[in-house]
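Quick notes on the structure that follows.
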Amino acid sequence: MLMKEGRSKALAAVLMIAPFVITYRTVFAYPVYKMFALSFTDAPLIGEGRWVGFDNYAKLLNQKLFFTSVWNTGYFVVLTVVPNTLIGLGLALMVVRLKGWLQSLVLVLFFLPYILPVSVVTQIWEWVLDQQFGIAQYLIEFFTGRRISVFRDPIWAMPMVALVTIWWTNGFNLLLFIAGLRNIPADYYEAATLDGATRWQCFQRITWPLIWPVTALVLTLQLILQLKIFDQVYLMTEGGPFNSTYVLLQLVYREAFRLNHGGLGSAVAVFLFLIIVTVSVLQYQLLRVRGR
Amino acid sequence: MSGIKLTGVSKSFGAVKVIHDVDIEIQQGEFAVFVGPSGCGKSTLLRMIAGLEETTGGQIRIDTEDVTRREASKRGVAMVFQSYALYPHLSVFDNMAFSLSIARRPKAEIDAKVRAAADILRLGDYLSHKPSQLSGGQRQRVAIGRAIVREPRVFLFDEPLSNLDAELRVKMRMEIARLHRQIGATMIYVTHDQVEAMTLADKIVVLKAGVVQQVGEPLELYRNPDNMFVAGFIGSPGMNFLKARVMSAAAGRLVVELEDAPGVPFDVPGTAGVPLGKGIFLGVRPEHIALGEREGSVPLKATAEFIEELGGTGYLHALTATGAEMTVECRGEERPHPKQAIRLSLDPKEMFAFSERGERLR
Ligand SMILES: Nc1ncnc2c1ncn2[C@@H]1O[C@H](COP(=O)(O)OP(=O)(O)O)[C@@H](O)[C@H]1O
Ligand SMILES: [Mg+2]
């Protein structure tokens, strides 16, 4: 009797977690395994290949475009992760000071870009930055003295892609920071005010340490997200000019889908995967320790 | 010296006026308690004195200086918050040292002052702990320590004990009283608990809906309340109120009859000039009602409802014939049963007369 009940409970449990297990295996575990497996073969885009050991990795190390992509991806991460986080925090500090419906309205306005699809975002910015009639050219002209076709200029291209990315994704960071700031009780600030703390001291001694866990989270999420940069580059510069915006995921795309090198593409993907896992785990641990 | 004087102080949030023309004078070294039901504006008034809330009208003076428009940090007041407002990321030491380190005082001075305060509050062993590692009572003491370290002219407490359990609350009450004796600073203490007010205060300010009802020493408020609100609020359990009618009036005495005991006229202290036949309220405290019949007392029939038993005393809740609720203190052995018909004796010398609008008649 008891055995039977135990068994039917176990059966129910298995049934209930089955959808998750099946989905997880099909759409995550298996593809990841397959990615690792393919990277050791000379498989084309579709179908199996022959085992080639570490040949694909060796090939990568002899490919200049691979190093360019690693460098550019790193550059993009530097341009986006910390600035995006700090801008999010800065905006959040201003927005929380607003009251009631005004705060909600401003929050919605800042969040709006985040819900746009990437193609719309890039289209908007191609217009804004257009050399002929782009409204941002007034600003560029004011500072540099001339109009610049930013996506065709190897110096300007990557920073502009970063700018567009920050504009697009900042709303989400802002939201996380707002939630974090709202969790800091108002009497902390009142007590500090009574003790004679200035606004800057309040930020330094109360806000910054108490918002740190959120900052660490945002930094980590940003790092993961920005290492996976592809769509914006693909839509705005296609890696150009002169490969100055070529990034790792684009190399995966090129090798696998353009050149039919499934194995080599997988090797790049494995490399990116390992970087993301290592860096993000490391960073989150480091940041958490520092926050203590 | 560090007395506080409020003159015609008022406060509005938008169109809503929550503090109405408050006049209070608190002497240097006095322990003043603002007491009133929740929402009556105690915290708002305290925060106005602290400078955390702008004052809409009137004047606040500390040490004869007008501080009405002065920034909070320049008023020389320290406040202990209901939530303690301790910084979770800082140690007890750093929490207590916060104001001094903000002011960039020398390390040695900070150290000496924090340790001195920690000694007074017996926190010496916990200086390196984080607030989350402390008990409620210890956190409370750290919050007080943070105020002491500043050596303020005035200490402000906003319901500092309301987050503690009953036993600890009594203990901390003693500690705060001891602290006041020890440092002798002016203190203003806000609470909704009249027992706290009675036990701690040199001077009680009773507030209702942003209006001061009465200011005075605890026993004065107890013995000589100005109105029905104060009479009902001060004292535990609260005063009983019974409807009565004025039969005649003469030289500071009123001859009255209870609605619940018609045909038994008796006299109580009260102003002449109350219209005859007019309804009034008579207040009598639970301790001035006896079970059974007594010579010289006003008899009243009632039905026992239930007893709050405390051991030595019990509080009997009863209903009169007209449905008025009564609380009676029973000291002896005798305890009526629920639903039992009982006779009560009310001491007319201990009765307070109030007009229909709740003003004291004396
Ligand atoms: N910031 C505010 N804005 C609007 N109304 C407020 C604000 N703070 C307090 N009030 C109102 O003022 C009244 C008194 O509040 P408070 O001083 O907190 O009462 P107490 O401390 O006696 O419980 C309440 O009716 C409350 O709703
Ligand atoms: Mg309050």
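All values below were derived from every heavy atom in this structure, side-chain atoms included, with hydrogens, water molecules and symmetry-related copies excluded. Below, chains carry the letters A, B, ... as their sequence lines are ordered, and counting in each starts from 1. Predicted model only: the values in this text are computed from it and were never measured.
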Contact part of [X] toward chain A, heavy-atom cut-off under 4.5 Å: side chain, backbone, both or neither?
X	value
Arg75(B)	neither
Ala103(B)	neither
Val77(B)	both
Leu100(B)	neither

- [ ] Could you walk me through whether Phe203(A) and Leu93(A) pass side-chain contact (heavy atoms from CB on, under 4.5 Å), step by step?
- [x] CA-CA 9 Å; Phe203(A) 174 76; Leu93(A) 286 170; 3.5 Å; yes
- [ ] Would you please say whether a donor-acceptor pair under 3.5 Å links the side chains of Gln82(B) and Ser162(B)?
- [x] yes
TODO: State, without any angle test, whether Thr165(A) and Gln232(A) hold a side-chain donor-acceptor pair at a distance under 3.5 Å.
DONE: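 Indeed, the side chains of Thr165(A) and Gln232(A) share at least one donor-acceptor pair under 3.5 Å.
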TODO: Considering only NZ, NE, NH1 and NH2 on the basic side and carboxylate oxygens on the acidic side, decide whether Asp111(B) and Lys107(B) come within less than 4.0 Å.
DONE: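 So Asp111(B) does not pair with Lys107(B) through a salt bridge.
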Open item on the list: Given heavy-atom pairs under 4.5 angstrom as the criterion, report whether the side chain, backbone, both or neither of Gln201(A) touches chain B.
Closed with: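 The side chain, not the backbone.
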Task: Segment of Ala192(A) engaging chain B (4.5 angstrom heavy-atom cut-off) - done: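 Ala192(A) touches chain B through backbone and side-chain heavy atoms alike.
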Task: Pairs of heavy atoms under 4.5 Å with chain A: top-ranked of Ala78(B), Ala85(B), Ala50(B), Ala72(B) - done: Ala85(B)
TODO: Heavy-atom pairs under 4.5 Å with chain B are the metric here; pick the option from Leu194(A), Asp187(A), Ile184(A) that has the most.
DONE: Leu194(A)
Open item on the list: Less than 6.0 angstrom from the centroid, inside 45 degrees of the normal: does Lys11(B) satisfy that with respect to the ring of Phe13(B)?
Closed with: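 Pair Lys11(B)/Phe13(B) counts as cation-pi.
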TODO: Answer yes if the ring centres of Trp168(A) and Trp125(A) are under 6.0 angstrom apart, and no otherwise.
DONE: no
